[in-house]
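To keep things clear, I will list the structure first and then write my remarks on it.
Throughout, numbering of the chain's residues begins at 1 and tracks the sequence. We use all heavy atoms of the structure for the numbers below, so side chains are in, but hydrogens, waters and symmetry mates are not.
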Amino acid sequence: MRKLSYRNTWLWLAAFLLLFVGLSYVIQGQQPEEYPPYLSTSPSPTGTKAMYTYLENERGTAGRWSASPERLPSGKHGSMLLMIEPSFMPDQEEMDAYREFVKAGNTLMLWMNNPDGLFDIQTRQQMLDPAGTTTLNDLDGEEYRAEVSSVFRLQERDTDEVLLEDEAGALALKRKLGDGALVVSLTPDWTMNRLITENDHAALLTKLLSAAAINDGSSLLFDEYVHAGENAAGVTTLYPKWLLVLALQALLLTILWLWYRGKRFGPIDIPREESVRFSDEQIQAVAAWYQRGRYYHDSLVTQADYVKQLLLERRGIVWNGDWKTAADKLSSKARYIPEEEIREYVEGLAEVVGKQNLSKQEYLLWSKRIDRLREEVEDR
């Protein structure tokens with residue numbers, strides 16, 4: 001019957017797991033497909049693909065860049081690289097490659113909600129909540145209505161050209177870098193499908209692209225490299241190589257040191273007798289107190305009283321004050337200690353307990369004998 005109940009339990013468990021897997025598959029299959037944001041090949045609501053298609057059809061110069069920035073055409077002047085909301089922070093070598101691309105006479109346009117730290121751009125938080133629909137001003141003093149969802153504003157330099165700003169600060173600026181220019185804007189949301197036709201967003205996008213000084217014959221590249229997760233910096237690139245080498249050597253030295261010290265990893269098996277008899281710190285402290293104070297007589301009396309209690313509990317022998325009578329009853333039921341030895345122990349114990357002053361040698365000798373008596377009494 002027990003085997004049958006176990007079998008039924010396993011059958012019910014297997015059926016439940018199959019049902020769970022089936023429901024998970026059905027629910028997962030009914031969910032809409034998710035597309036990565038800000039990719040020119042992704043039909044996500046961010047609208048990057050729509051802007052790429054428009055520029056390709058209208059200008060015929062739009063393209064995609066998926067390779068490492070070290071391979072950018074830094075020798076070709078007038079090119080523009082469009083970087084929209086990068087998904088990771090490029091490492092130092094990649095940042096240097098982007099700078100060389102700009103310094104050669106090209107333009108890099110960065111659209112990001114908070115570009116703080118990229119290309120030495122600094123931002124400041126100007127408000128706790130987004131501004132919502134607000135009024136923007138350009139270089140010519142023209143006003144535009146736009147929805148601003150960023151709480152940050154750009155910190156401009158004296159040499160920067162502020163392209164768009166509101167009452168809280170700069171939303172877009174242009175900074176010279178070598179022979180090229182860096183254009184930064186905090187408003188990537190304007191390219192979204194649901195917002196590009198709202199307010200003056202389309203006009204503002206056109207104005208920002210025009211401010212990037214794209215020539216008719218220049219190439220416009222959408223940076224896809226900063227959206228690929230496998231291109232993000234790993235542990236070997238985030239930390240200096242000398243630090244990684246030191247960490248590896250420290251790990252190896254630690255393992256060798258533990259091996260040399262004989263360390264073992266795993267459960268520690270302690271005999272039950274040891275854990276029961278010697279793990280009580282209070283007992284150890286009392287024993288040390290007896291030894292330091294040389295209370296040998298008191299210790300032997302305590303041990304003898306414990307044997308008396310065991311005689312009653314284990315053998316049913318009532319101690320009436322006469323150790324000789326207790327010896328007669330115990331020797332008749334003894335199993336391991338000879339009768340003569342029991343009588344010698346008990347008679348000697350009666351004499352020792354009566355002495356007030358004991359030497360350490362006498363104490364150790366009779367402690368061992370009392371311990372043998374205890375083992376004899378405890379054995380059933």
Side-chain angles (χ1 to χ4, degrees), residues 36-40 46 48 65-72 74 79-104 106-131 148-166 168-192 208-209 211-212 221-244:
Y38 300 107
L39 277 176
S40 63
T46 52
T48 305
W65 184 262
S66 302
S68 173
E70 286 85 354
R71 300 173 59 184
L72 282 169
S74 58
S79 299
M80 175 180 173
L81 184 67
L82 188 59
M83 185 184 297
I84 305 178
E85 199 67 45
S87 59
F88 65 90
M89 180 78 72
D91 59 26
Q92 188 60 43
E93 294 181 358
E94 294 170 343
M95 294 294 293
D96 292 339
Y98 282 121
R99 288 190 179 92
E100 292 299 324
F101 169 77
V102 177
K103 289 180 180 179
N106 303 297
T107 302
L108 191 151
M109 186 170 186
L110 175 62
W111 258 322
M112 193 173 181
N113 280 315
N114 184 18
D116 189 71
L118 277 174
F119 305 104
D120 299 328
I121 296 295
Q122 294 182 349
T123 62
R124 60 180 182 272
Q125 186 172 352
Q126 288 296 107
M127 57 195 72
L128 297 178
D129 297 321
V148 180
S149 60
S150 178
V151 299
F152 299 96
R153 293 298 183 268
L154 298 171
Q155 292 187 6
E156 66 274 11
R157 299 175 181 175
D158 295 337
T159 56
D160 292 341
E161 184 179 351
V162 179
L163 303 178
L164 293 174
E165 63 180 352
D166 62 358
L171 286 165
L173 60 81
K174 184 177 181 179
R175 179 175 297 175
K176 293 290 293 182
L177 191 61
D179 294 334
L182 174 67
V183 179
V184 184
S185 177
L186 300 179
T187 55
D189 297 341
W190 292 348
T191 64
M192 297 183 67
L208 288 175
L209 291 174
L221 301 175
F222 282 70
D223 192 349
E224 310 289 358
Y225 178 82
V226 292
H227 295 290
E230 62 271 12
N231 298 328
V235 176
T236 56
T237 55
L238 289 177
Y239 299 97
K241 293 183 179 179
W242 63 267
L243 180 61
L244 296 176

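Ring geometry, Y98 versus F119: the interplanar angle exceeds 60°, so the pair is classed perpendicular (tilted spans 30 to 60°).
When all heavy atoms are compared, the tightest approach of R124 to A168 is NH2-O, 4.2 Å. Closest approach of E165 to A170, counting heavy atoms only: CB-CA, 3.9 Å. In plain terms, the two heavy atoms of S66 and Y225 that are nearest each other are O-CD1, 3.6 Å.
Judged purely by distance below 3.5 Å, without hydrogens or angles, the side chains of N113 and S150 never pair a donor atom with an acceptor atom.
Atom CG of L118 and atom CG of L110 lie 6.0 Å apart (nearest 0.5 Å). With rounding to the nearest 0.5 angstrom, the NZ atom of K174 is 11.0 Å from the CG atom of L208. Here CD1 of I84 is found 12.5 Å from CE of M112. Values are rounded to the nearest 0.5 Å. The OG1 atom of T123 sits 7.5 Å away from the CG atom of L154 when rounded to the nearest 0.5 Å.
For E93, the CD atom is loosely surrounded, since the number of other residues' heavy atoms within 6.0 Å does not exceed 12.
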task: Please assess D120 against R99 for the test salt bridge (Lys or Arg N to Asp or Glu O under 4.0 Å), listing each intermediate value before the final yes or no.
output: CA-CA 11 Å; D120 299 328; R99 288 190 179 92; 3.8 Å; yes
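The side-chain heavy atoms of K103 and D179, taken from C-beta on, include no pair separated by under 4.5 Å.
Salt bridge present: R153 and D166 bring a charged side-chain N and a carboxylate O closer than 4.0 Å.
Listed for the T46 side chain is a donor-acceptor partner under 3.5 Å among the backbone atoms of Y38.
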